[in-house]
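A short write-up of the structure that comes next.
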There are 2 protein chains.
Amino acid sequence: MLTKQELEEFSAEANLLYLDHISIDCVVFGFHEGQMKVLMLKSKNEAGWQLPGGFVKKEEPIDVAATRILATRTGIDEIFLKQFHVFGDADRNRQHNEMYNKVVAPEKNFFSHRFISIGYYALVDFIDVNPTPDAFSELCTWRDLDDLPPFLLDHEQIFKTALDTLRLQLNYQPIGYNLMPKEFTMPELQKLYETILGTKLDRRNFQRRMLGFGILNKLEATRKGGAHKAPYLYSFDLDNYQAALKEGLKSGW
Amino acid sequence: MLTKQELEEFSAEANLLYLDHISIDCVVFGFHEGQMKVLMLKSKNEAGWQLPGGFVKKEEPIDVAATRILATRTGIDEIFLKQFHVFGDADRNRQHNEMYNKVVAPEKNFFSHRFISIGYYALVDFIDVNPTPDAFSELCTWRDLDDLPPFLLDHEQIFKTALDTLRLQLNYQPIGYNLMPKEFTMPELQKLYETILGTKLDRRNFQRRMLGFGILNKLEATRKGGAHKAPYLYSFDLDNYQAALKEGLKSGW
């Protein structure tokens with residue numbers, strides 16, 4: 001647990017720096033060896049884990065705040081971040097209001113009131129990230145998507161909403177540029193989709209549909225070294241990929 | 001322009017009732033006789049129009065606040081509302097900060113600080129709505145999507161983001177239940193899609209794709225009275241429609 005002095009110092013600074021009532025929480029997805037992972041922090045103060053998060057400076061655009069918060073937790077300055085939902089139940093952080101009000105006088109306590117939290121998700125290259133805990137955490141680390149620890153507050157709902165959003169977006173937006181290595185095989189890309197969707201996909205349908213989107217370049221080289229016929233390598237066609245991010249995939253209306 | 005006294009009274013009440021720094025703005029789409037319309041308010045204080053909006057009470061969930069705000073502007077208590085984006089540039093409402101700070105002392109003025117605005121869109125049956133202005137507006141009325149008046153603040157960006165969101169969502173979610181009459185012809189439904197997308201669609205592709213989603217019931221009756229062969233009537237299959245809203249349309253992965 002943080003000491004009374006540490007909490008008072010944090011609150012005094014936060015009251016000066018940040019907007020009240022508004023927080024940011026981030027669901028950071030990383031992909032590594034066929035496994036989807038989520039970046040999480042183990043609390044110093046309670047038995048449970050949180051998503052990386054923080055607050056908005058008084059004159060800071062919210063997207064800049066989200067980027068700053070994630071840079072501090074991951075060491076990556078330019079991260080692909082997307083707002084996906086705002087969590088605004090009246091008592092979503094009551095557990096923390098009460099816990100911190102016992103330590104810091106409520107009129108000084110930055111956590112004494114309600115916070116509406118803006119959810120962002122990020123897709124990152126797993127190997128680029130240097131997980132770094134914040135002042136309230138003893139550990140910041142990757143956790144497997146299918147073996148997540150107990151969440152604090154409404155962070156499980158925030159995580160699930162991010163995953164549902166990602167699953168729906170597979171139907172109309174490209175994905176993978178920030179998660180896959182520069183060159184990859186079709187089975188490797190299919191594994192990413194299967195991991196996000198939590199289900200097996202048909203190999204031929206996947207390949208036909210994916211090629212139909214026109215966002216892949218088939219490379220001359222093949223992946224050598226396996227027992228099977230060497231599979232073709234692909235890379236993303238960045239121009240078409242960016243256009244599809246903006247306008248939706250070609251299968252649209 | 002509101003008087004100094006009116007503004008001071010509004011501010012005094014708002015400071016007691018509402019969270020600071022957080023507002024809600026709504027893009028209300030209605031469909032009537034093949035024309036998409038947007039609900040807008042003409043300001044009393046400036047030359048320009050705004051979207052319906054308001055604030056969040058100190059102990060009110062944000063979705064409840066959005067529903068309350070729209071009920072006040074439309075007379076409809078249960079409205080299909082969907083959060084789509086948060087607008088959080090640092091100076092998005094500076095124009096109003098400065099205007100109202102000239103009238104009400106900044107330390108008393110509810111509008112003296114920055115507001116982060118949560119955007120909701122609504123799809124409503126045009127004929128159910130009773131447009132009602134708020135204290136800052138002289139008029140609340142429907143405007144045609146292709147002939148919108150000049151917007152105040154960042155409301156044009158809010159409107160455009162809502163329309164872009166709706167267009168993207170046509171690719172993976174059903175639409176129309178809240179916009180169409182109970183029974184409709186395929187050309188009438190196609191007209192709705194064309195209006196949202198701002199483009200013509202191929203009649204046969206539209207019908208094939210729409211029927212493939214499995215969200216329509218073909219009725220026994222036909223639409224009588226036209227010069228052409230009487231077209232079939234359809235209604236939405238609500239169970240399948242709701243499932244597709246949640247899980248995405250069948251054309252998905």
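Note on naming: letters A, B, ... go to the chains in the order of the sequence lines (proteins, then strands), and numbering restarts at 1 for each one. Please read these numbers as outputs of a predicted model, since none were measured by experiment.
Between the side chain of A:N178 and the main chain of A:L123, no donor-acceptor pair closer than 3.5 Å is present. Side-chain atoms of A:R92 come within 3.5 Å of backbone N or O of A:F115 as a donor-acceptor pair.
Ranked by heavy-atom pairs under 4.5 Å with chain B, the list A:D202, A:I22, A:V86, A:I118 is led by A:V86. Note: B:L168 leads B:L168, B:D91, B:D89, B:T199 in heavy-atom pairs under 4.5 Å with chain A.
Contacts with chain A (heavy atom to heavy atom, under 4.5 Å) involve these residues of residues 54-61 of chain B, listed by number: B:V56, B:K57, B:K58, B:E59, B:E60, B:P61.
Using cut-offs of 30° and 60° on the angle between ring planes, the pair B:Y18 and B:F110 is tilted. By the 30° and 60° cut-offs, the orientation of the rings of B:F29 relative to B:F159 is tilted. Ring geometry for A:F236 versus A:F184: interplanar angle of 30 to 60°, hence tilted. A:F84 and A:Y121 have tilted rings, their planes meeting at an angle from 30° to 60° on a 0 to 90° scale.
The contact between B:H85 and chain A is made by backbone and side chain atoms together, counting heavy-atom distances below 4.5 Å. With a 4.5 Å cut-off on non-hydrogen atoms, A:D20 touches chain B through its backbone and its side chain both. Contact annotation for B:Q169: neither backbone nor side-chain heavy atoms come within less than 4.5 Å of a heavy atom of chain A.
B:Y232 carries B:K218 over the face of its six-membered ring, with the cationic atom under 6.0 Å from the centre and within 45° of the normal.
Ion pairing of A:E156 with A:K160 is present here, as a side-chain N (NZ or NE/NH1/NH2) and a carboxylate O approach within less than 4.0 Å.
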